[in-house]
Amino acid sequence: MNKDSKDSIIKKLFEDKEVFASFINGVIYQGKKILSSHHLKEINLSTISDSFKERIRDIVQVYQTGDEIFALYHNESQSVVDFSMVFRMMEYQAELYLKKFKENHRHREKLPPIISVVFYTGKEEWKQYRSLYECVQLSKEIELWISDYKLYVFGCAQNEIEFDNMDLNFFVWGLKYSY
């Protein structure tokens, strides 16, 4: 299976709100059923920026009831280890926060949190950069002045989570055991 066909399958998989909710509940909330699929709404990424529009695999779902947005969940699929992933995810979150800020700037309301996870389908364990601190030269004197950014990676090959959605389980298990 080539990279583009795997990416389109993953995008299709995570467009299903039941699958997306199951993934977030399993990875972020340790299996607790916090998200329900009927409160999820996918964001049209072409309205955010050109860099989001160019990366067709991104899935961003808004969790809301009525007009109240509780959180945005961003899932970025990745089939190979990318050394720039920390910076890419920082950029994506910054763009999403800026979009939400521009929508709400007159109201001065707090913005909803944006929770991002890399859905990594590669065979090898992701041992590369998982934080900004790992990417930059830091001394103890300046560490306090540099904000860290943590990268959260879910590796299918190292998966130990049983999701409550069987389609997602079969997909992850299939990847894991195909290696």
Side-chain angles (χ1 to χ4, degrees), residues 1-15 19-20 22-30 42-62 71-101 111-161 163 168 171-179:
M1 177 183 309
N2 70 30
K3 183 181 181 307
D4 289 338
S5 62
K6 187 194 298 186
D7 290 344
S8 64
I9 291 168
I10 293 168
K11 179 171 174 48
K12 197 76 168 154
L13 179 72
F14 281 109
E15 285 175 345
V19 170
F20 194 92
S22 179
F23 177 72
I24 296 299
N25 285 332
V27 173
I28 303 297
Y29 300 113
Q30 293 80 43
E42 189 171 348
I43 291 179
N44 179 353
L45 299 175
S46 64
T47 63
I48 297 173
S49 74
D50 287 336
S51 65
F52 257 110
K53 187 169 56 177
E54 291 169 10
R55 300 186 188 280
I56 60 169
R57 295 168 315 222
D58 291 344
I59 300 286
V60 178
Q61 298 269 4
V62 176
L72 282 79
Y73 295 92
H74 171 215
N75 178 4
E76 171 70 17
S77 298
Q78 191 67 30
S79 58
V80 296
V81 174
D82 182 351
F83 295 102
S84 70
M85 203 67 193
V86 170
F87 306 112
R88 284 178 48 203
M89 296 300 272
M90 284 173 57
E91 178 184 22
Y92 294 161
Q93 278 194 351
E95 288 175 357
L96 284 167
Y97 277 122
L98 282 169
K99 178 178 175 29
K100 287 295 165 198
F101 174 76
L111 301 175
I114 299 168
I115 301 161
S116 298
V117 179
V118 175
F119 183 75
Y120 173 57
T121 60
K123 180 180 180 177
E124 289 77 30
E125 186 176 350
W126 190 292
K127 293 183 180 180
Q128 297 307 318
Y129 303 133
R130 286 182 177 251
S131 74
L132 182 61
Y133 277 13
E134 293 177 29
C135 299
V136 298
Q137 295 178 0
L138 286 178
S139 66
K140 289 291 180 198
E141 296 81 16
I142 64 169
E143 187 175 297
L144 177 66
W145 298 96
I146 307 295
S147 298
D148 197 8
Y149 177 88
K150 296 190 183 312
L151 179 66
Y152 298 96
V153 178
F154 170 80
C156 291
Q158 295 77 37
N159 174 48
E160 298 299 328
I161 297 173
F163 298 102
L168 180 56
F171 184 81
V172 171
W173 290 336
L175 280 174
K176 180 177 182 174
Y177 294 110
S178 70
Y179 298 131

>> With a 3.5 Å distance limit and no angle check, can you tell me whether E42 reaches the backbone of Q61 through a side-chain donor-acceptor pair?
In response: no
> Side chains of F171 and I9: closer than 4.5 Å at any heavy-atom pair?
Replying inline: yes
> Distance-only, no hydrogens or angles: does the S178 side chain make a donor-acceptor pair with backbone N or O of L175 under 3.5 Å?
Replying inline: yes
> Do you know the tightest heavy-atom contact between I28 and I115?
Replying inline: CD1-CG2, 3.7 Å
Would you be so kind as to tabulate the donor-acceptor pairs closer than 3.5 Å made by side chains of residues 153-160, with sequence neighbours excluded?
unit_1	atom_1	unit_2	atom_2	d
N159	OD1	I161	N	2.7
N159	ND2	I161	O	3.0

> What heavy-atom pair brings S147 and L132 nearest, and what distance separates the two atoms?
Replying inline: O-CD2, 3.2 Å
> Which residue pairs pass the ring pair (Phe, Tyr, Trp, His ring centres under 6.0 Å) test when at least one of the two sits in residues 120-140, sequence neighbours left out?
Replying inline: Y120-W126
> About how many Å separate CD of Q78 and CZ of R88, when rounded to the nearest 0.5 Å?
Replying inline: 5.0 Å
> Looking at S116 and Y152, what are the two nearest heavy atoms and their distance?
Replying inline: O-CB, 3.9 Å
> Can you tell me how far the CE atom of M90 sits from the CE atom of M85, to the nearest 0.5 Å?
Replying inline: 13.0 Å
>> Between K99 and E95, does any NZ, NE, NH1 or NH2 come within less than 4.0 Å of an OD or OE carboxylate oxygen?
In response: no
> Between CD of E91 and CG of L96, what distance do you get to the nearest 0.5 Å?
Replying inline: 10.5 Å
> If you measure from CD1 on I24 to CG on N75, what distance do you get to the nearest 0.5 Å?
Replying inline: 6.5 Å
>> Return the CD1 to CG distance between I43 and L72, rounded to the nearest 0.5 Å.
In response: 4.5 Å
> Do the non-hydrogen side-chain atoms of E124 and V81 ever get within less than 4.5 Å of each other?
Replying inline: no
> Quick one: side-chain contact (heavy atoms from CB on, under 4.5 Å) partners of I142, sequence neighbours excluded?
Replying inline: L138, S139
> Looking at OH of Y97 and NZ of K100, how far apart are the two atoms once the value is rounded to the nearest 0.5 Å?
Replying inline: 11.5 Å
> Do F163 and V27 come within less than 4.5 Å of each other through their side chains, counting heavy atoms only?
Replying inline: yes
> Got L168 and F20 here, is their nearest side-chain heavy-atom distance under 4.5 Å?
Replying inline: no
> M89 and Y149: side chain to side chain contact (heavy atoms under 4.5 Å, CB included), yes or no, with the steps?
Replying inline: CA-CA 9 Å; M89 296 300 272; Y149 177 88; 3.4 Å; yes
> Taking the six-membered ring for Trp, are the ring centroids of Y73 and F23 within less than 6.0 Å of each other?
Replying inline: no
